[in-house]
Amino acid sequence: MKAARVAALVGNPNAGKSALFNALTGARQKIANYPGVTVERKAGRLALPSGEPIELIDLPGAYSFDTTSPDEEVTRKVVQGEFSSEAIPDVLVIVLDAANLEQHLVFAQEVIALGRPTVAALNMVDLAERDGLVIDPAALAQSLGVPVVPTVAVRRRGLAELAAAIAEARDGTAHPRPQVTLPERRLLAENIAKGAVLSETAQHRLHAGLDKVLLHPWLGPVILFGLLFVVFQAVFAWATPFADALEGVLVLASDGVRSAMPAGFVRDFITEGVLAGVGSVVVFLPQIIILFAFILTMEATGYMARAAYLMDRMMQGVGLSGRSFIPLLSSFACAIPGIMATRSIADPKDRLTTILIAPLMTCSARLPVYAVIIAAFIPATTVGAGIGLQGLVLFALYVAGILGAMAVALVLRRSVAKGDASGFIMELPRYQMPQLKDLAIGLWQRAWVFLRRAGTIIFTVTVVLWLLLTFPRAAPGESQVEASAAGQLSKGLAVIVEPIGFNREIALAIIPAMAAREVAVASLATTYAVDAPDEEAAAAGLASQLSSRWSLPTALAFLAWFVFAPQCLSTIAVTRRETNGWKWPAFMLAYLFALAYIFAGLTYWIAVAVGL
Ligand SMILES: Nc1nc2c(ncn2[C@@H]2O[C@H](COP(=O)(O)OP(=O)(O)OP(=O)(O)O)[C@@H](O)[C@H]2O)c(=O)[nH]1
Ligand SMILES: [Mg+2]
């Protein structure tokens, strides 16, 4: 009988291998609560109960032996003795996370099937018990055919028992068993985990049951899609009374100013620039709040991480991983934090692709633009089953952005950012009831960001635009907008966008909208207020102005334009910073404008052709 010289810790990432290693050897390996912390082998000295020392190796976490990632390869090579300089480990110590037993048993079976002396450390039993899950180590040992020792690495529980089991294992003999396929291992893992559970609280069962449904391969995406669908229905259906009330207040204020002040420059500035322009954006506050109420709730309950998990497969299809999901999700609020969040993506090509497609996620600044056009041109009817047409169109616009992003990612990953998709497995957080207070704080922050934008950048740009629209004054009988500096300046652009169905006011709106996208709405509102032939026309809301002045194909083309472009200047600036140069922001600007032009044109001409 030869003395064991080497034992190796193996298991899934985040199982607590390094924590056990530190506890057993007194070393100071970095441990952290996310997968992939250990990326190379580390060795230390462990004293067996007899006092005899052996070498203990801490390895990177792995999900399987047939792998592509370099850190998992280290694990495979060490375990299978493929490093010529190094002895094959005499004992394998599988580390299992008791709170995620089923997932961890998949790889464990692969290790056990090697048929080498093996022991299993059932680690994190404290977390499992906190979750209401009690596991029977004896039953687990019976099904696995190897000794199982419960441990709590961070509290040094079970360490002596584990060392004893290691000592005993090298004296025993093990026999290779047939390797089974991955699907079979998955099924076995489920059964073994089930069989080892002694007791489970109702809450744990509920959470496990929820995961079964919400993470189901096809039911999960259907539920996610349905949920998003409901969100956009609600954005219109619930916000309308509040938005109407806000609009009413604006009309009253405008009337009040008109009757209280003498006609002139200052009065026009207040009614046309501030109330019509900035006010037209502020009325979308209810929609913004409803959208974020849903997003924040989904985050707080733990559902959002599951959505990332579901999206992982779809993302891999276009050459990205689930890691891109959170940056892209943040981009629905604003592309700037989204692009900054890509710093968590290690692969540079992955990261670049994610940055380049982030502006295609519909940021909340585009919501007012979509909403005003939809309110003006899409009737507030239902298409059966109580589904509102307006919400449906809004949903379609968001989906169009997502599909556009996926298509662009696919192209980029085959051209300028060539590379393979990298795998991504995440630990899912626990389900929780959202705290009302946290939700309220989150909503308040969102609302404040929106209002601050309205009061600063949108206000400033609208005032400048109003000045450019008001001067020089038109001769009597001449159109003020046409005679104005803005009207003159936009003439050249109007020629360029005419083929895609855009009128002069749109040409005038899309340039200042580069400052902030909501400005497109403020700009249109101000333009029509300046252009109004009389006070009654000026007082009419923007939606009614639009529906009487624009054709439906033009309105649809305008929506298509904003699905793809024009991203705001801050997004370009942050892209420059994150990619260290002008190359990629210039590329982004060019491709988004090209797509916007092409899709707005297609939309316009198809709409005209079918007689809309
Ligand atoms: N509550 C509790 N936490 C533990 C236990 N063991 C480890 N942890 C924690 O779990 C996290 C992951 O532990 P690590 O030791 O880094 O996991 P690892 O298996 O080495 O992970 P990789 O190096 O990524 O493969 C850390 O935050 C540890 O503090 C345990 O028994 N109980
Ligand atoms: Mg580790």
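Note that ligands are numbered from 1 as they come in the structure, with each ligand's atoms numbered from 1 the same way. Just so we're clear, the structure is a prediction, and the values are computed from it rather than from any experiment.
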- Query: So, is P60 polar-close to ligand 1, with some N/O to N/O distance under 3.5 Å?
  - Reply: no
- Message: Closer than 4.0 angstrom, basic N to acidic O: yes or no for R185 and E110?
- Response: yes
- Item | Geometric cation-pi criterion R446 and F292, 6.0 Å radius, 45° cone | yes
- Message: Could you tell me, atom by atom, which parts of ligand 1 come under 4.0 Å of a heavy atom of A153?
- Response: 6 (N), 30 (C), 31 (O)
- Mode of N14 contact toward ligand 1 - side chain, backbone, both, neither (heavy atoms, under 4.0 Å): both
- Under 4.0 Å from a heavy atom of A15: give me the atoms of ligand 1 that qualify, with their elements. 17 (O), 19 (O)
- Sole candidate of V146, V93, I166 that passes side chain to side chain contact (heavy atoms under 4.5 Å, CB included) when paired with T118: V146
- Query: If you count the atoms of ligand 1 from 1 in the order shown, which ones are under 4.0 Å from a heavy atom of L127?
  - Reply: 1 (N)
- Item | Heavy-atom nearest neighbour of atom 8 (N) of ligand 1 within options R130, K17, M124 | M124
- Task: Enumerate the atoms of ligand 1 whose separation from the nearest heavy atom of G61 is less than 4.0 angstrom.
- Result: 25 (O)
- Step by step, work out the side chain to side chain donor-acceptor pair (under 3.5 Å) result for E184 and T181. CA-CA 5 Å; E184 286 173 307; T181 62; 2.8 Å; yes
- Query: Do R45 and T25 have side-chain N/O donor and acceptor atoms under 3.5 Å apart?
  - Reply: no
- Message: Would R306 pass as a cation-pi partner of Y431, given that its NZ or CZ must be under 6.0 Å from the six-membered ring centre and within 45 degrees of the axis?
- Response: yes
- Any N or O of G16 that comes nearer than 3.5 Å to an N or O of ligand 1? yes
- Task: Give a yes or no on whether the backbone of K418 and the side-chain of R414 come within a donor-acceptor separation of less than 3.5 Å.
- Result: no
- Task: Return the option from N22, D58, D126, N123 holding the heavy atom at the smallest distance from atom 1 (N) of ligand 1.
- Result: D126
